[in-house]
Enquirer: 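Okay, handing you the structure first.
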2 protein chains.
Amino acid sequence: MSKNIPEKVSNRLTLYHSIMVEYLEAGIDTISSPQIAQRLGIDDSQVRKDFKLLNNAGKCRVGYLVKDLKDSIEKTLGFAQAKDAFIVGAGHLGLALAKYDNFNSYGLNILALFDNDPQKVDMLVNNKQIFHISKLPNLVERLGVDIAILTVPRQYAQPVADFLVASKIKYIWNFTPAVLKVPPEVKVWNENIMGSFLQFACKDIIQ
Amino acid sequence: MSKNIPEKVSNRLTLYHSIMVEYLEAGIDTISSPQIAQRLGIDDSQVRKDFKLLNNAGKCRVGYLVKDLKDSIEKTLGFAQAKDAFIVGAGHLGLALAKYDNFNSYGLNILALFDNDPQKVDMLVNNKQIFHISKLPNLVERLGVDIAILTVPRQYAQPVADFLVASKIKYIWNFTPAVLKVPPEVKVWNENIMGSFLQFACKDIIQ
DNA sequence: TTGTTATTGTGAAATAAATCACAAAAATCC
DNA sequence: GGATTTTTGTGATTTATTTCACAATAACAA
């Protein structure tokens, strides 16, 4: 079902999605590709090509139906098909992600958090319990979770990743700046916060 | 000085940088392109092409000097040339970013945080003071800051962005899911946390 | 009704990025 | 010293992405 959506496209799809949410809230029910393109500073034919991938036809002189677009973006990006995940590391970043209301609407279900700090264990964040990290292997198995969101300090990133691998976690969304070493069957997605911004900052700020 | 480094390249440069930090800590002083490539699951000639942009020659049968590579990545990405910034929104994400030790080493200097919650005002986070948002225009002017990192809840994103624009902020690093409307002279960088991950998650998890 | 205009959809062209393939260099081995 | 191997550097090729250009469509206005 889910085609090969290139990374750049799915990035734009989430931006389109935010605009759809905004338009819906404003009670506007159609939108045109030039409107979207101008808002994002991109080419309007690109917007149309992206929408083509969604199998969502527009209407000449009118544009696209906001509701339909929103739905098909959600379907294409798999918002519908909920995925369960654990947050590993209950520091500020872990807590911020646990509270991030958007995860849920994007189909990512945070079931619990893990930390090794006894002070944090058993606290509730956004209705999700913080467990001691030693409980993780058991809960991975019982709940069939295979995504871990890694938000521990850099120096613990590799040992904790090793522990996740041993616990049969299959996907690691890595928010730490460490480049993890994992066996080939485990997939890591590096959330490279600085990377893209630096390019932006350097291009414009340093001339 | 700073050439046009494409976004994808600067993304990879930060990953290379992390590997260099790790190798330096391990006391290893040379590294080869196939080693790096294998670690990141990319092509080794690409690593070499990226390093070409850094003007950093390697040595046949030996590889590259870790220290030199690290330095030239930092120079190219402008780590050296420190940039000052304010964090706007002292929720968990704002606090997490304020504590993110990596910002500093990447040349981004967080001078202060801003929030409208009187309870938070005057607190210190990682030695940075939280000010009431009303103090922002004055401090922007006095300190000559032109970067704002926006971490407020979605519903406040646009009005706060308007306020930042009126306060003469020139660059907004947008961590909210809202797509901001700003005049053309103000540059917005959308940190699209879900976008890239969804692609990763969908491709592999949903088949 | 008929012209005008805004908008989609899409091939073609241009641009950018990644991969391949291999010569040249230099360390190591025998 | 000469063969072998590892590794760089880089043109050539391939693949992916973006932009351009324009015909087709349908709303709207006179």
Side-chain angles (χ1 to χ4, degrees), chain A residues 3-16 19-20 23 28-70 72-73 76 190 192 195-196 199-200 203, chain B residues 3-16 19-20 23 28-70 72-73 76 190 192 195-196 199-200 203:
Chain A
K3 324 100 220 164
N4 253 17
I5 305 274
E7 189 189 325
K8 288 209 167 178
V9 178
S10 70
N11 238 291
R12 286 194 297 267
L13 288 181
T14 57
L15 294 174
Y16 302 152
I19 297 178
M20 298 310 127
Y23 268 60
I28 305 171
D29 40 43
T30 61
I31 191 167
S32 73
S33 56
Q35 276 177 294
I36 298 171
Q38 199 210 13
R39 186 74 174 278
L40 296 173
I42 61 179
D43 195 90
D44 56 296
S45 69
Q46 178 150 78
V47 175
R48 293 194 295 278
K49 286 228 160 113
D50 289 342
F51 289 171
K52 188 92 192 302
L53 288 172
L54 301 176
N55 280 1
N56 197 308
K59 252 176 108 180
C60 280
R61 279 281 313 223
V62 174
Y64 300 86
L65 289 173
V66 174
K67 183 69 176 60
D68 288 3
L69 268 183
K70 178 167 167 283
S72 41
I73 293 172
T76 305
N190 291 305
N192 202 0
S196 38
Q199 192 263 346
F200 169 71
K203 194 176 53 187
Chain B
K3 324 96 224 171
N4 253 18
I5 305 276
E7 188 187 325
K8 288 214 165 171
V9 177
S10 69
N11 238 290
R12 287 194 298 267
L13 288 180
T14 58
L15 294 174
Y16 302 152
I19 296 178
M20 298 310 128
Y23 269 60
I28 305 170
D29 40 42
T30 60
I31 192 167
S32 73
S33 55
Q35 276 178 293
I36 297 171
Q38 199 210 13
R39 187 72 175 278
L40 296 173
I42 61 179
D43 194 90
D44 58 296
S45 70
Q46 177 151 79
V47 175
R48 294 195 293 279
K49 287 230 159 111
D50 288 342
F51 288 171
K52 188 90 193 304
L53 288 173
L54 302 176
N55 280 0
N56 198 307
K59 251 176 109 182
C60 280
R61 277 285 308 221
V62 174
Y64 300 85
L65 290 173
V66 174
K67 184 70 175 62
D68 289 2
L69 269 182
K70 178 168 168 284
S72 41
I73 293 171
T76 305
N190 290 305
N192 202 0
S196 38
Q199 192 264 347
F200 169 71
K203 193 176 53 190

Enquirer: Using the closest heavy atom to pick a nucleotide of DNA chain C for each, name whichever of K52(A) or C60(A) lands nearer the 5' end.
Expert: C60(A)

Enquirer: Does K8(B) place a side-chain N or O at less than 4.0 Å from the phosphate oxygens OP1/OP2 of dA16(C)?
Expert: no

Enquirer: Enter the inter-axis angle for the ends of the helix from dT1(C)-dA30(D) to dC30(C)-dG1(D) (five pairs per end, rounded to 10°).
Expert: 10°

Enquirer: Return the set of residues passing salt bridge (Lys or Arg N to Asp or Glu O under 4.0 Å) with D68(A) (not counting sequence neighbours), or none when no residue passes.
Expert: none

Enquirer: Ignoring hydrogens and geometry beyond distance, is the side chain of R61(B) in donor-acceptor contact with the base of dT8(D) at under 3.5 Å?
Expert: no

Enquirer: For D44(A), enumerate each residue passing the side chain to side chain donor-acceptor pair (under 3.5 Å) test, keeping only those at least two apart in sequence or located in another chain.
Expert: R48(A)

Enquirer: Got a sec, which residues hit salt bridge (Lys or Arg N to Asp or Glu O under 4.0 Å) with K59(B), two or more places apart in sequence or on another chain?
Expert: none

Enquirer: My understanding is that only residues two or more places apart in sequence, or in another chain, count here; which of them pass salt bridge (Lys or Arg N to Asp or Glu O under 4.0 Å) with K67(B)?
Expert: D71(B)

Enquirer: Taking for each residue the nucleotide of DNA chain D with the nearest heavy atom, is it S33(B) or P6(A) whose nucleotide lies nearer the 5' end?
Expert: S33(B)

Enquirer: Look at Y64(B) and dG9(D) and indicate whether a side-chain polar atom (N or O) is within less than 4.0 Å of OP1 or OP2.
Expert: yes

Enquirer: Nearest whole angstrom, please: distance from the P of dT17(D) to the CG of N11(A).
Expert: 12 Å

Enquirer: Can you name the residues that form a side chain to side chain donor-acceptor pair (under 3.5 Å) with R39(A), not counting sequence neighbours?
Expert: E22(A)

Enquirer: What residues in residues 40-48 of chain B put a non-hydrogen atom under 4.0 Å from any atom of DNA chain C?
Expert: D43(B), S45(B), Q46(B), R48(B)

Enquirer: Distance check: side-chain N/O of K59(B) vs OP1/OP2 of dA25(C), anything under 4.0 Å?
Expert: no

Enquirer: Between dA16(D) atom P and I5(A) atom CD1, what is the distance in whole Å?
Expert: 14 Å

Enquirer: Quickly work out the I36(B) CD1 to dT7(D) C1' distance and round it to whole Å.
Expert: 12 Å

Enquirer: What are the atom names and distances for every N/O pair under 3.5 Å that joins the protein to nucleotides 12-14 of chain C?
Expert:
unit_1, atom_1, unit_2, atom_2, d
dA12(C), N6, K49(A), NZ, 3.3

Enquirer: Return each pair, listed once, that meets salt bridge (charged side-chain N to carboxylate O under 4.0 Å, His left out) where at least one residue sits in residues 4-15 of chain A; pairs must be two or more places apart or across chains.
Expert: R12(A)-D50(A)

Enquirer: By ring pair (Phe, Tyr, Trp, His ring centres under 6.0 Å), which residues pair with F51(B), not counting sequence neighbours?
Expert: Y16(B), Y64(B)

Enquirer: Can you list the residues that meet the side chain to side chain donor-acceptor pair (under 3.5 Å) rule with K70(A), with sequence neighbours excluded?
Expert: E74(A)

Enquirer: Under the salt bridge (Lys or Arg N to Asp or Glu O under 4.0 Å) test, which residues partner D43(B), sequence neighbours left out?
Expert: none

Enquirer: Test side-chain contact (heavy atoms from CB on, under 4.5 Å) on L40(B) and I19(B); report intermediate values, then the result.
Expert: CA-CA 10 Å; L40(B) 296 173; I19(B) 296 178; 4.1 Å; yes

